[in-house]
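Keep in mind that this is a model prediction, so the values were computed, not measured.
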Amino acid sequence: VQLQASGGGLVQAGDSLRLSCVGSGRTFTSHALAWFRQAPGKEREFVAGISGWSGFRVVYGDSVEGRFTISRDNAKNTLYLEMNNLGPDDTAVYYCAAEWVATPTSLSLEADKFDYWGQGTQVTVSS
């Protein structure tokens, strides 16, 4: 699976932004998908994840719960991250990632469990 992330940009605090991640390959549906982010000088952080197939299970990081929404459109091989009420602490490079899973509810939260990564898209939030 190859992933291509897009949608980042420079926004002001309180604004919204939607990231997209297009995947290639016939097995996109059988992969759990996630967004991670990495700010300068910080470790990569789990943002949100969605299980494979219908995306029955979703998990959010504590810092984005209630503000971000992850979704997937298998017909378009696309993963989304809707980000609302952005703040300066959300400034980071955002990466999409895919993990092959055997069951519809499987979803890892650790970066080292994901096999495929997009190139990253920069999100900068000014105060």
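Contact record, Gly61 with Phe46: N-CE2, 3.9 Å, taken as the closest heavy-atom pair. The minimum heavy-atom distance between Leu3 and Cys21, with the atom names listed, is CB-SG, 3.8 Å. Shown here for Ala13 and Pro88, the closest heavy-atom pair between the two residues is CB-CD, 4.4 Å. Across all their heavy atoms, Arg67 and Asn85 have their closest contact at NH1-O, 3.0 Å.
Atoms CG and NE2, from Leu79 and His31 in turn, are 13.0 Å apart once rounded to the nearest 0.5 Å. Distance check, rounded to the nearest 0.5 Å: OG1 of Thr91 to CG of Leu86 gives 8.5 Å. For the atom pair CH2 of Trp117 and CZ of Phe36, the computed distance is 4.5 Å after rounding to the nearest 0.5 Å. Atom OG of residue Ser63 and atom CZ of residue Phe68 lie 7.0 Å apart, to the nearest 0.5 angstrom. Atom OH of Tyr94 sits about 7.5 Å away from atom CD of Glu45, to the nearest 0.5 Å. Going from atom OG of Ser106 over to atom CZ of Arg57 covers 8.0 Å, rounded to the nearest 0.5 Å.
For Asp62, the CG atom is loosely surrounded, since the number of other residues' heavy atoms within 6.0 Å does not exceed 12. Counting heavy atoms of neighbouring residues, nucleotides and ligands inside a 6.0 Å radius, atom CD of Gln2 does not exceed 12 of them.
The closest side-chain donor-acceptor pair between Gln12 and Ser126, if any, does not fall under 3.5 angstrom. In this structure, a donor-acceptor pair under 3.5 Å is present between the side chains of Gln122 and Thr124.
Linking ILVMFWY side-chain heavy atoms closer than 4.5 Å, directly or via other members, places Tyr60 and Leu33 in a single hydrophobic cluster.
For Glu110, the salt bridge (charged side-chain N to carboxylate O under 4.0 Å, His left out) criterion is met by no residue, not counting sequence neighbours. Remark: Arg18 pairs with no residue by the salt bridge (charged side-chain N to carboxylate O under 4.0 Å, His left out) rule, at least two apart or across chains.
Counting only heavy atoms from C-beta outward, the side chains of Asn84 and Glu82 approach each other to under 4.5 Å. Residues Thr121 and Leu19 are in side-chain contact: their nearest non-hydrogen atoms beyond the backbone lie under 4.5 Å apart. Within the 4.5 Å cutoff, no side-chain heavy atoms of Leu107 are placed close to those of Val101. Residues Leu109 and Val59 meet the side-chain proximity criterion, which asks for heavy atoms closer than 4.5 Å. For the pair Met83/Val123, a side-chain contact is recorded, criterion being any heavy-atom separation below 4.5 Å from C-beta on. Residues Tyr80 and Ile70 fail the side-chain proximity criterion, which asks for heavy atoms closer than 4.5 Å. Side-chain contact between Pro104 and Phe56: absent, with no pair of heavy atoms (C-beta onward) separated by less than 4.5 Å.
A cation-pi contact, defined as under 6.0 Å to the ring centre and within 45° of the axis, links Arg44 to Tyr95. Figure legend: cation-pi geometry between Arg72 and Phe28, with NZ or CZ positioned under 6.0 Å from the six-membered ring centre and within 45° of its axis.
With hydrogens and angles disregarded, no donor-acceptor distance shorter than 3.5 Å links the side chain of Asn74 to the backbone of Thr29. The backbone N or O of Gln4 sits nowhere less than 3.5 Å from a side-chain atom of Gln119 that would complete a donor-acceptor pair.
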